Amino acid sequence: MSNVYDKAQELKRGLAESEEFTTLKSLHEQIEADEIAKKMLDNFRRLQLDLQQKQMQGVQITEEEAQQAQQQFEVIQQHELISKLMEAEQRLSVIIGDINKIITEPLEAIYGNPEPQ
């Protein structure tokens, strides 16, 4: 039986070579080279992070902050390159979620699947 870490390295290589990852990497590089797109995305991600930190600290997000985030999201979605990047991030996120479900199946067999609350 092979080492579980060897299998993890193999999975890492497979993910890095996947079409989804290479597309994401290419789009990321294109955005890094586009000053306007990079600034727009950085500003949006900074706002997202600030709001997430507030939520984690139990601070209520104001209606104004929620509207600002929604407006920024709508603006960046209009930028073709950023929109493609976000779609690529979502596709890769689905794959990683699927992989996580697969590798945690042995634990579910022991502990079961917790009921959502």
Side-chain angles (χ1 to χ4, degrees):
M1 180 174 172
S2 64
N3 183 319
V4 71
Y5 293 103
D6 293 338
K7 294 289 185 186
Q9 290 295 328
E10 184 180 333
L11 180 58
K12 177 184 83 172
R13 285 188 297 276
L15 188 61
E17 295 169 359
S18 72
E19 180 182 343
E20 293 82 3
F21 181 82
T22 56
T23 297
L24 177 66
K25 184 177 178 185
S26 172
L27 288 166
H28 183 73
E29 289 167 354
Q30 291 174 54
I31 286 178
E32 286 293 314
D34 182 328
E35 190 175 323
I36 293 170
K38 181 176 179 355
K39 186 174 183 174
M40 288 173 67
L41 187 59
D42 287 347
N43 288 340
F44 177 71
R45 294 237 164 112
R46 193 173 310 110
L47 176 61
Q48 266 188 320
L49 184 60
D50 290 345
L51 295 179
Q52 286 174 349
Q53 287 176 341
K54 280 186 172 187
Q55 286 180 321
M56 290 173 58
Q57 294 169 352
V59 176
Q60 184 69 28
I61 294 172
T62 67
E63 182 66 30
E64 182 180 323
E65 290 171 323
Q67 286 179 348
Q68 181 185 11
Q70 182 62 34
Q71 288 171 348
Q72 271 199 7
F73 179 72
E74 290 170 5
V75 168
I76 66 168
Q77 284 272 265
Q78 298 303 311
H79 193 288
E80 183 180 358
L81 200 52
I82 294 173
S83 181
K84 286 181 179 180
L85 176 78
M86 292 180 141
E87 290 171 9
E89 287 174 338
Q90 181 60 35
R91 284 191 299 276
L92 193 59
S93 179
V94 168
I95 290 170
I96 291 171
D98 290 345
I99 291 169
N100 188 48
K101 286 178 188 174
I102 292 167
I103 63 175
T104 57
E105 281 178 9
L107 294 173
E108 285 183 23
I110 295 171
Y111 296 106
N113 196 356
E115 295 294 320
Q117 295 186 16

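Here the structure is a predicted model, which means the values were calculated and not measured.
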- [ ] Could I get the full list of side chain to side chain contact (heavy atoms under 4.5 Å, CB included) partners for L49, not counting sequence neighbours?
- [x] Q52, Q53
Open item on the list: Minimum heavy-atom separation for A88 and T23, please, with both atom names.
Closed with: CB-CG2, 4.5 Å
Open item on the list: If you compare all heavy atoms of F21 against all heavy atoms of L92, which two are closest, and at what distance to 0.1 Å?
Closed with: CD1-CD2, 4.0 Å
Open item on the list: Starting from I61 and following side-chain heavy-atom contacts under 4.5 Å between hydrophobic residues (I, L, V, M, F, W, Y), which residues can be reached?
Closed with: L47, L51
Task: Residues clustering with V59 (ILVMFWY side chains joined when closer than 4.5 Å, directly or via others) - done: none
Open item on the list: Please determine whether the number of non-hydrogen atoms from other residues, nucleotides or ligands lying under 6.0 Å from atom NE2 of H79 exceeds 12.
Closed with: yes
Task: Atom CD1 of I96: over 12 foreign heavy atoms under 6.0 Å - done: yes
Separation between [atom1] of [X] and [atom2] of [Y], rounded to the nearest 0.5 Å:
{"X": "E29", "Y": "L24", "atom1": "CD", "atom2": "CG", "value": "10.0 Å"}
{"X": "L41", "Y": "Q48", "atom1": "CG", "atom2": "CD", "value": "8.5 Å"}
{"X": "I76", "Y": "L81", "atom1": "CD1", "atom2": "CG", "value": "11.5 Å"}
{"X": "E20", "Y": "E87", "atom1": "CD", "atom2": "CD", "value": "13.5 Å"}
{"X": "T22", "Y": "L15", "atom1": "OG1", "atom2": "CG", "value": "10.0 Å"}

Task: With K38 via side chain to side chain donor-acceptor pair (under 3.5 Å) - residues at least two apart - done: D42
Task: Residue pairs fulfilling side-chain hydrogen bond (donor to acceptor under 3.5 Å, both in side chains) with at least one residue in residues 88-101, sequence neighbours excluded - done: R45-E89
TODO: Report the residues that fulfil salt bridge (Lys or Arg N to Asp or Glu O under 4.0 Å) with E80, sequence neighbours left out, ordered by chain and then residue number.
DONE: K84
Open item on the list: Please tell me whether I99 and V94 are part of a single hydrophobic cluster in this structure, the criterion being side-chain heavy atoms less than 4.5 Å apart.
Closed with: no
Task: Heavy-atom side-chain proximity of Q67 to Q70 below 4.5 angstrom - done: no
Task: side chain to side chain contact (heavy atoms under 4.5 Å, CB included) between F73 and M86, worked out - done: CA-CA 11 Å; F73 179 72; M86 292 180 141; 4.1 Å; yes
Open item on the list: Hydrogens and angles aside, do E74 and Q78 bring a side-chain donor and acceptor to less than 3.5 Å of each other?
Closed with: no
Task: Short side-chain to backbone donor-acceptor contact, T62 and E65, under 3.5 Å - done: yes
